[in-house]
> 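Let me begin by handing over the structure; questions about it come next.
One-based numbering, in listed order, for ligands and for the atoms of each.
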Amino acid sequence: MENRFQWRLFPLLALLASYLVFFYVQSYSKHSQNKCSLLPYQHFWITSKRIVTPQGIISGAVEIKDGKIASIVEEVEKLWDSELWQIIDYGDAVIMPGLIDVHAHLDDPGRTEWEGFPSGTKAAAAGGLTTLIDMPLNSMPSTVSRDTLNLKIKSAENRIFVDVGFWGGLVPENAFNPAALEHLLNAGVLGLKSFMCPSGINDFPMTNASHIKEGLSVLAKYRRPLLVHAEIQTELETPLELEDGANDARSYSTYLRTRPPAMEEAAIKELLTVTKDTRIGGSAEGAHLHIVHLSDSSSSLDLIKEAKRSGDSLTVETCPHYLAFSAEEIPDGDTRFKCAPPIRDAANNEKLWEALMEGHIDMLSSDHSPTEPKLKLLEDGNFLRAWGGISSLQFVLPVTWSYGKKYGVTLEQLASLWSERPARLAGQELKGSIAVGNFADIVVWEPEVEFNLTEDHPVYIKHPGISAYMGSKLYGRVSATFVRGNLVYKEGDHADAACGVPILAT
Ligand SMILES: NC(=O)NC(NC(N)=O)C(=O)[O-]
Ligand SMILES: [Zn+2]
Ligand SMILES: [Zn+2]
């Protein structure tokens, strides 16, 4: 009797079990499909009253389909009528193209104790940056050959939360070897980068104008840019002479004296002897030279303006720290502020803002250049011996917005300086603006929201303690970041999987 009862139950149990398996598999595959995004949709709309487009700010909706922007409409009422659409309404938060940082040191592989792809790209996503172009130095080895680029690409695999492209290094070893440079360019670097002064990294020696001339002639063929750290050691006091003297190495002004504006000016003068070749009809027509992290807003900037007027293919960037801080306010011993070229005085800072607002400075970049806290010598506070570099990646949007208010910076200007122009420099035609056909790389943020960057604020860079921005009060909270239509960040949460794409030039 009891046995027969059990036999009757068996088919029922089997049915129940198969139902359970079916639902488990369904939900598992659904989950695994969406690991790249915090949203389950491939096709959806986002709406807001402030969408920054190249044609101006509109109230409307952006249709996102399979990672691209499928349409942009101004009448959202029609959308609400249909229950077919997945719509995310961001109210009056700003929808802007994701920021593109053409100057980030992610230090991976080889110095991941400084930063690394996972932490750096999570910080980027949390800050509204959707593409980073990684510098060829501070990782180990430096990206100076096809093989070393391949190490980068391998290291980035499944470890980047936003898209990452790579600059290659122009160093004395490859500068006079066009075949080696072509290998590096064919392997996919978006352009080259070189230093006119010691970089502090052993396998990244400095180049002179002849190396740069050679580099430009190869780059012309590829129509890719050369980025240059433009400072040249002049015959002034050297850091060690200063330290031996009666100078206080804990005073920022001592450090400032080791890297005067004349160092930037001298380098730029020398560069301009070769950028002439980039003019239409010149021997390096098609090549482009980009000066990174300009700090001197006087003679150096005048030289750049003049060269542009003459038709040199030349652009220049500056960075948030030169716009936010001035030398006078840097406390003694606070080496979080040490970088090269140095942060100069308040009058210089003001002139940089003016040049930016007038369009003489073409774009912004972070120059996020972290290290291990111990190399910052925070306890010692010796500006001459501490490692240089500012840590800022996650905060660049609120920083430039907050400090730019005084100068009347607009949302359209931010989109141009942080997205459109950088996309052009990096040769990314489908990035940099909210336009139909472009990748859906988008930041949603609330410019009016104020926040304190205190220790309980979620910060994703590896070493928040070395950032000069900790402790400051800023405007502009990032609420959501989309990369190729994937919601990779939303209010403190990141997507489970790192689905950023390594960007290689073809
Ligand atoms: N080795 C570096 O990271 N250098 C960087 N350091 C700065 N800017 O202080 C740079 O971009 O020159
Ligand atoms: Zn530099
Ligand atoms: Zn740098």
> Closer than 4.0 Å to some heavy atom of His103 - which atoms of ligand 1 meet that?
11 (O)
> Please say which of Lys221, Arg224, Arg146 ends up in a salt bridge (charged side-chain N to carboxylate O under 4.0 Å, His left out) with Glu182.
Lys221
> When you measure from the Zn ion (ligand 3) to each N, O or S atom of Asp367, which atom gives the shortest distance?
OD1
> Pairs of nitrogen or oxygen atoms closer than 3.5 Å, one from Asp367 and one from ligand 1: do any exist?
yes
> Counting non-hydrogen protein atoms only, what is the nearest one to atom 1 (N) of ligand 1? Give residue, atom name and distance.
Asn138 OD1, 3.1 Å
> With respect to the Zn ion (ligand 2), what is the nearest N, O or S atom of His229?
ND1
> Kindly say whether the aromatic ring centers of Tyr403 and Tyr322 come within a distance under 6.0 Å.
no
> Is NZ or CZ of Lys338 both nearer than 6.0 Å to the six-membered ring centre of Phe383 and within 45° of the ring axis?
no
> Identify, by atom number and element, the atoms of ligand 1 in contact range of His293, meaning under 4.0 Å from any of its heavy atoms.
10 (C), 11 (O), 12 (O)
> What pair of heavy atoms forms the shortest contact from Thr143 to Ser139, and how long is it?
OG1-OG, 4.3 Å
> Check the angle between the aromatic planes of Phe451 and His457 and answer parallel, tilted or perpendicular using the 30° and 60° thresholds.
parallel
> Numbering the atoms of ligand 1 from 1, which are under 4.0 Å from a heavy atom of Cys339?
9 (O)
> Please determine whether His103 has a backbone or side-chain N, O or S atom lying under 2.8 Å from the Zn ion (ligand 2).
no
> Under the salt bridge (charged side-chain N to carboxylate O under 4.0 Å, His left out) test against Asp108, which residue among Lys152, Arg159, Lys154 passes?
Arg159
> When you look for heavy atoms under 4.0 Å from ligand 1, do you find them on the side chain of Leu137, its backbone, both, or neither?
side chain
> Asn186 and His183: side-chain hydrogen bond (donor to acceptor under 3.5 Å, both in side chains), yes or no, with the steps?
CA-CA 5 Å; Asn186 291 338; His183 273 140; over 6 Å; no
> For ligand 1, which atoms sit closer than 4.0 Å to a heavy atom of His105?
3 (O), 11 (O)
> Please determine if Ser369 has a nitrogen or oxygen closer than 3.5 Å to a nitrogen or oxygen of ligand 1.
yes
> Under a heavy-atom criterion of less than 4.0 Å, does Phe195 contact ligand 1?
yes
> Only one of Ser145, Ser194, Pro205 forms a side chain to side chain contact (heavy atoms under 4.5 Å, CB included) with Val171, so which one is it?
Pro205
> Without hydrogens or angle criteria, can the side chains of Thr275 and Asp312 be said to hold a donor-acceptor pair below 3.5 Å?
yes
> Would you check whether Lys338 has a nitrogen or oxygen atom less than 3.5 angstrom from a nitrogen or oxygen atom of ligand 1?
no
> I'd like the atom name of the N/O/S atom in His105 lying closest to the Zn ion (ligand 3).
NE2
> Could you check which of Ala340, Pro198, Pro342 puts a non-hydrogen atom nearest to atom 9 (O) of ligand 1?
Ala340
> Does Glu358 come within less than 4.0 Å of Lys305, counting only side-chain N to carboxylate O?
no
> Please could you name the atoms of ligand 1 that Ser199 approaches to less than 4.0 Å, counting only its heavy atoms?
1 (N)
